[in-house]
Amino acid sequence: MKKSYQAPRGMRDVLPENMPAWQRLEETARHLARLFGFSEIRPPLMEETDLFTRSVGEVTDIVEKEMFSLQKGKTSLSLRPEGTAGVVRAYVQAGYAKRDPLQRLYYCGPMFRYERPQKGRERMFTQFGVECIGSSDPRLDAEVMDMAATFFEELGLTGLEVRMNSMGDGEDRDRYRDAVSDFLSPKLDDFCDLCQSRFEKNVLRVLDCKNPNCGELIVGAPVLIDFLGDENRAHFEAVQEGLRDLGREPCVDTSIVRGLDYYTRTVFEIHAPDLGARSALCGGGRYDHLVRDLGGPDVPAVGFAIGFTGTLIVFEQLGLLEGLERETADVYVIGFSAEQKAAVLQVANDLRKGGISAIYDVDERSFKAQMKAAGKGDHRYAVILGEDELARGVVQLKDLGAKSQEEVPRDGLVEAILRG
RNA sequence: GUGGGUAUAGCUCAGUUGGUUAGAGCACCGGAUUGUGAUUCCGGGGGUCGGGGGUUCAAGUCCCCUUAUCCACCCCA
């Protein structure tokens, strides 16, 4: 019995036929990054495990149970479960804070989390993210949010919701947390089991419970905005102001609580309402203390990450896959019989030398089979070569889309194609 | 980590209350058409039914285990 292999759980092959959609997302991301003046950065896919523990948060699920880690000698390395930690580490290591503090950086690549796969969730997934490090100007928060929204708009994704909130900072957040605890604890027993454990682990998540019963119990709970200090409140207002200046109406949703510990002040999410359980396509916000926490100077930052998994699902749902073409050779060279074998090879070679991609049938199949292959391979042209053409130094150039055909001299083929 | 569904040709799926050589459509290959493709017609190759164990005279069809996958919870992009 032979063993058969398959891709590791929760990881999938992106086959050539799936590639057009991926390339579309990647090109859109790069294009947008360029428009907004961001530069690409590529940190390693692995970092010291400790880096993620410090940044993402010790008690988060991500570091508690979702990291792919390996021990080599005395160091524990982990595949990155998210992109920000590595970028910030690189920022600090490169010494940007002193020589060129404001950095607009973006990345696009795979992340890894050891989770149970489900719709919109994989163990290896791709994220496009930006990190704007070095300023706390609220206009940057607005700009970064606008950029994330623009990404989806450029792709043609409609019906998405951009929601924002402020989580405050340091003291206001602690005060708020205490207030929520005080509000909840008297009736804690009435909450669902899940909320009871949330209460212990991350109180604010109780406010996010989908259980209708819990939903009623939290009516009247303290709202974080009321706990913001003057400065943070002003910042929050300014971010909304900035969004308006960019032509976007801010949508404040006080239930948004990001899962990663490093967020401060502005947080936001972009949702696709009808995507099922995992509707957030993008999450982001400000993290003003992460650089400092990772051993750098006290430098503020803001960023977001967009998951390709969910984005691709919506992309397909909206029928945007149609019209995307798979990469193939422009020309398929056909010989009428095996007699023209050498000539076919030479013509293909001439085309390639002339900068035109070309392939031909390598199995010496029948003329009909070659025509068939040319017809369904998304090639633009078929170049047909028979005994007669060979003798006269010409070829038949057939436009496979238009179904038209013309005879052109063999040495003028490249020109003819470039013209047409 | 928890709960539920599914696992039959490359793909999408049929397969009666367990019973002879496991089917269809699409795809693939070839032919009808001795110089022309994505329409039509004909033919062909390809599965031992995810893997292992059990019940039975007999299992794709029942039971157990296992693996994978999907959906949901948790959490999150």
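All chains are named by letter (A, B, ...) in the order of the sequence lines, taking the proteins before the strands, and each is independently numbered beginning at 1.
- Among the atoms of the strands shown, base atoms are found under 4.0 Å from some heavy atom of Glu122(A).
- Gly284(A) comes within 4.0 angstrom of no nucleic acid atom, judged by non-hydrogen atoms across all strands.
- If you check every strand for non-hydrogen atoms under 4.0 Å, Gln405(A) touches a base.
- The two atoms that bring Phe304(A) and Tyr107(A) nearest to each other are O-OH, 4.3 Å, heavy atoms only.
- Where stacking is scored as ring centres under 5.5 Å apart with planes under 30°, Phe308(A) does not register as stacked on the base of A77(B).
- No close placement of the Phe199(A) and Phe191(A) rings is indicated, their centers lying 6.0 Å or farther apart.
- Residue contacts shown for Arg113(A) include a base, since a base heavy atom lies under 4.0 Å away.
- Look at U34(B): it lacks any Watson-Crick or wobble partner with both distances under 3.5 angstrom.
- Heavy atoms of Glu17(A) sit nowhere under 4.0 angstrom from any nucleic acid atom.
- For the pair Arg116(A) CZ and G3(B) P, the interatomic distance rounds to 9 Å; values are reported in whole Å.
- Residue Gln370(A) is out of contact with every strand shown, counting any heavy-atom pair closer than 4.0 Å.
- The base of U36(B) is paired with the side chain of Lys398(A) by a donor and an acceptor separated by under 3.5 Å.
- For the side chain to side chain contact (heavy atoms under 4.5 Å, CB included) with His289(A), the lone residue among Val299(A), Leu294(A), Asp169(A) that qualifies is Asp169(A).
- Using a 4.0 Å heavy-atom cutoff across all strands shown, Leu400(A) reaches at least one base atom of the nucleic acid.
- Not a single donor-acceptor contact under 3.5 angstrom links the side-chain atoms of Glu66(A) to the base of G1(B).
- Within the shown strands, nothing qualifies as a pairing partner of U61(B) under the Watson-Crick or G-U definition with both distances less than 3.5 Å.
- Within 4.0 Å (heavy atoms only), Lys65(A) reaches no atom of the nucleic acid at all.
- The pair Arg248(A)-Asp146(A) meets the salt-bridge criterion, with a side-chain N (NZ, NE, NH1 or NH2) lying under 4.0 Å from an Asp/Glu carboxylate O.
- Interface remark: the Arg121(A) side chain does form a donor-acceptor pair with the C75(B) base, using a distance-only criterion of under 3.5 Å.
- Nucleotide C11(B): paired with G25(B) (Watson-Crick or G-U wobble, both distances less than 3.5 Å).
- Ion pair Asp363(A)/Arg365(A) not flagged as a salt bridge, since none of the NZ, NE, NH1 or NH2 atoms sits closer than 4.0 Å to an Asp/Glu carboxylate oxygen.
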